[in-house]
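Okay, structure first, notes after.
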Amino acid sequence: MKRVLRLAYVFLSVVGIVLDGAHFRGGIISWRPLNNTVQGTTAQIQIHQRYFWNREWGSFSAPYCTEANVAAKTSIPVNEDMKCLANCSSSNYPSVGLSTIMTTTDCDSNPIIESWAGERYDTLTMPLTTSITIGYQSSAWFASLYIGANDPWSIVNRLNLATRPDGYINSSPVTTTLPVVFYPRNVRVTHVVQMADNDATDTLICRWSTSASGTNYNRADECGGVCMGLPPITTILTGINCTLSFTLPTANLYYGCALQIEDYFSSSSPNPMSSVPIQFLFYAYNIASGACANAPAIIGVRPNRACIGVPVGVPLTETIEIQTYCPGQTIVDLVTSSPIGMTHSAISNPSPGLWIMTLSWTPAASQDGPQGFCAGAVDNSSLQSAPWCLTYLVDYDSPNLILPQVVQGSASPIATSAVGRPSRNGTNVCFHLDTTNASVLCYDAGYSPNVIYTGYTIVIVTTITWTPGESYYVTMDSGFASGSVFCHAESAPITDKTFWRFDIWNPALSSTTTTTTTPPTTHTVTSLGTTTTSINTACTTSGIVVTSTNASTTTTTVTTTPPTTAGPTTAGPTTTGATTESTIPVFYPADFESACKQPVAIMSAVTMVAFMPVHALAMYAAFTKFSNMFKPSNTAAKARHQQRMKNILRR
Ligand SMILES: *[C@@H]1O[C@H](CO)[C@@H](O)[C@H](O)[C@H]1NC(C)=O
Ligand SMILES: *[C@@H]1O[C@H](CO)[C@@H](O)[C@H](O)[C@H]1NC(C)=O
Ligand SMILES: *[C@@H]1O[C@H](CO)[C@@H](O)[C@H](O)[C@H]1NC(C)=O
Ligand SMILES: *[C@@H]1O[C@H](CO)[C@@H](O)[C@H](O)[C@H]1NC(C)=O
């Protein structure tokens with residue numbers, strides 16, 4: 001309590017004072033209309049500022065900021081303004097500007113990082129004629145910079161509300177970064193800066209910020225002292241994917257990076273519609289002699305770049321898992337960039353090589369829309385993991401798969417909203433042996449042709465040989481089913497062994513006279529014709545009918561099929577004679593769509609979305625059609641998945 005009071009005292013004593021000194025460490029400015037439909041001559045625009053500061057500066061003394069300030073949402077009292085810098089008469093943007101007093105979001109006491117980060121949202125009602133450059137220009141960057149030491153800073157954004165060619169009001173791109181990214185000295189590295197846009201069809205290109213206020217798009221100095229803050233000769237920027245390639249020549253020094261991310265209506269548009277600045281630091285270190293050969297890695301639970309829909313007002317916890325690779329390799333810090341109100345637990349080490357931090361956050365209504373989070377783990381040799389970033393889409397529900405429902409002996413996991421293929425690779429659906437947990441087969445839904453997304457349907461086509469008598473279960477990574485809005489909010493991962501489990505019938509254990517049990521004669525695959533009158537019955541009952549004499553019109557015998565035991569090829573038919581009782585009608589996606597045109601509409605209305613041939617019987621079927629389709633090397637994704645599974649099973 002005493003400590004809290006003292007903290008409060010420290011803050012009270014500095015609020016309202018304009019702090020200067022060498023303390024700027026970068027930031028991001030972006031904006032979006034609250035509603036992108038044109039209504040009248042003005043629009044409400046939400047402007048987002050995020051800045052990184054040196055935690056030790058000016059009149060601040062220990063304890064500087066701490067996690068308590070994050071939880072208390074303490075203001076960072078840098079009492080200056082983001083002003084209009086160009087073409088200001090086109091708008092009513094306040095001439096005094098917008099305050100730069102931020103709410104604390106991250107406090108990092110690592111001696112190399114010493115970062116105090118915060119963000120701020122303001123909403124202004126502005127005329128659609130607005131076409132201005134806004135920016136925050138002051139002094140100064142800190143001293144330990146390769147280029148720009150103690151120089152003034154400038155960070156500027158273009159705010160243009162002219163109606164887009166498609167009739168909407170533009171939203172600027174969004175981006176996120178760690179305040180400080182570590183790389184070893186004298187090693188060529190590739191660094192990708194994240195960029196995304198709510199206007200999904202825009203072309204995004206990033207470029208170096210420049211001080212050429214006469215000629216650049218923003219008509220302002222975009223970067224103060226850190227224009228081209230990396231070694232100019234060896235640094236390459238690929239604008240279309242915002243990928244930097246460079247070598248840092250001097251250790252124990254920081255390098256400023258200042259970029260503008262710009263959105264073009266199409267790749268042939270001559271000018272961008274907005275310009276988002278992102279400024280942050282690289283830090284070069286000498287690899288210590290005792291350092292582990294592998295940097296730590298953040299392995300989940302959510303994968304890098306995941307997008308997660310979250311409702312307003314509901315407490316959320318997210319676990320960050322960090323893997324280390326050497327004995328004695330210790331995680332000493334997790335650098336973060338978080339939304340307002342997200343708190344960070346201490347780092348724990350529940351088992352050798354595994355480190356955990358828990359994030360807790362209750363999204364507020366004022367945080368509607370995309371909220372970025374990034375983390376990077378640092379070990380005691382200053383090795384930093386690759387950045388791991390998530391986007392939370394506040395006030396949007398991710399599609400979630402709910403338990404399969406058994407209907408007429410088949411099952412379909414149902415999603416709770418419209419789904420599509422995930423927008424990133426490494427999104428596996430895996431089949432595991434129940435006895436050993438070994439995964440027998442994985443498909444990466446990011447690209448695998450064996451996972452088919454068509455309309456509202458997801459169909460998994462397998463060519464595996466199942467072992468009779470075995471039990472299997474299915475896991476699905478985060479994002480196996482992805483939403484259709486913005487960054488494609490992802491379904492939660494399914495790691496529960498009981499979620500979707502099935503047994504493979506063992507013909508050897510069955511009496512040959514018990515004939516009418518449905519188990520498989522898996523060599524027969526039936527596709528559904530479109531002319532059958534009874535189709536709708538099938539459609540309304542999950543699509544797959546296990547035993548059917550009327551839903552099938554064509555029966556094909558697949559000759560190159562997996563079943564290796566003699567059983568399945570004979571068991572069914574021998575006793576059921578010529579009926580089609582034991583055939584497995586399987587919908588191909590096209591069949592489903594054409595056959596179920598009406599039910600599709602009905603099902604979409606009741607959000608019956610993900611549709612998979614899930615039953616063991618269907619799994620048993622072989623689709624020669626797909627068997628020779630390409631299988632890109634997905635070993636990396638698989639390894640990652642296995643690592644994650646291992647951690648999950650270890651708990
Ligand atoms: C945006 O405004 C339009 C027109 O008033 C309205 O129909 C639409 O629902 C609004 N969208 C959102 C997301 O509020
Ligand atoms: C200044 O604003 C006006 C009015 O919106 C616009 O027509 C003009 O293109 C703007 N000029 C620049 C240089 O952006
Ligand atoms: C970025 O684009 C360039 C040029 O197309 C390509 O060579 C590079 O591999 C891409 N980088 C990443 C990380 O995708
Ligand atoms: C990291 O910490 C561990 C445990 O204290 C120690 O064994 C190891 O030598 C340290 N490594 C370095 C490079 O300091």
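Treat the numbers as computed from the prediction; the structure is a model and nothing was measured. Both counts, for ligands and for their atoms, begin at 1 and track the order of listing.
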With a 4.0 Å cut-off, strictly under, does [atom] pick up any protein heavy atom?
| atom | answer |
| --- | --- |
| atom 9 (O) of ligand 1 | no |
| atom 3 (C) of ligand 1 | yes |
| atom 14 (O) of ligand 2 | yes |

Legend entry - Under 4.0 Å to a heavy atom of Asn241 - the qualifying atoms of ligand 3, by number: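 Counting atoms of ligand 3 from 1, those under 4.0 Å from Asn241 are 1 (C), 2 (O), 3 (C), 8 (C), 10 (C), 11 (N), 12 (C), 14 (O).
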Inset, instruction - Enumerate the atoms of ligand 3 whose separation from the nearest heavy atom of Thr243 is less than 4.0 angstrom. - result: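 With Thr243 as reference, the close atoms of ligand 3 come out as 11 (N), 12 (C), 13 (C).
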Inset, instruction - Hey, could you give me the OG1/CH2 distance between Thr235 and Trp208, rounded to the nearest 0.5 Å? - result: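 If I round to the nearest 0.5 Å, the distance is 5.5 Å.
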Inset, instruction - Find the distance between CD1 (Ile28) and CD (Glu119) and round it off to the nearest 0.5 Å. - result: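 Ile28 atom CD1 to Glu119 atom CD measures 9.5 Å (nearest 0.5 Å).
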Can you tell me which residue and heavy atom of the protein come closest to [atom], and the distance to 0.1 Å?
| atom | result |
| --- | --- |
| atom 5 (O) of ligand 1 | Gln39 OE1, 2.9 Å |
| atom 11 (N) of ligand 1 | Asn35 ND2, 2.9 Å |
| atom 1 (C) of ligand 2 | Asn87 ND2, 1.4 Å |

Inset, instruction - Examine Arg207 relative to Tyr217 and say whether NZ or CZ is less than 6.0 Å from the centre of the six-membered ring and inside a 45° cone about the ring axis. - result: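 So Arg207 doesn't make the cation-pi contact.
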Inset, instruction - Before signing off on this row, confirm whether Arg158 and ligand 2 have an N or O atom pair separated by under 3.5 Å. - result: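 Arg158 vs ligand 2: N/O contact under 3.5 Å present.
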Legend entry - Proximity of Phe246 and Tyr255 rings by center, below 6.0 Å: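 They do not qualify: ring centres at least 6.0 Å apart.
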Legend entry - Main-chain N/O of Ser90 paired with Thr129 side-chain donor or acceptor, under 3.5 Å: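 Yes, the answer is positive, given that a donor and an acceptor are paired below the 3.5 Å cut-off.
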Legend entry - Enumerated ligand 2 atoms positioned under 4.0 Å from heavy atoms of Ser90: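 What qualifies from ligand 2 is 2 (O), 4 (C), 5 (O).
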Legend entry - Minimal non-hydrogen separation, Asp444 against Gly446, with atom names: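 Looks like OD1-N, 2.8 Å.
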Legend entry - Salt-bridge present (Arg32, Asp368; N to O < 4.0 Å):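 Salt bridge flag = no for Asp368 with Arg32.
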Inset, instruction - Please say which of Gln371, Glu318, Gln367 ends up in a side-chain hydrogen bond (donor to acceptor under 3.5 Å, both in side chains) with Tyr392. - result: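 Result: among Gln371, Glu318, Gln367, Glu318 is the only option passing the side-chain hydrogen bond (donor to acceptor under 3.5 Å, both in side chains) with Tyr392.
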Legend entry - Distance-only N or O hit between ligand 3 and Thr238, under 3.5 Å: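 In this structure, Thr238 places no N or O atom under 3.5 Å from an N or O of ligand 3.
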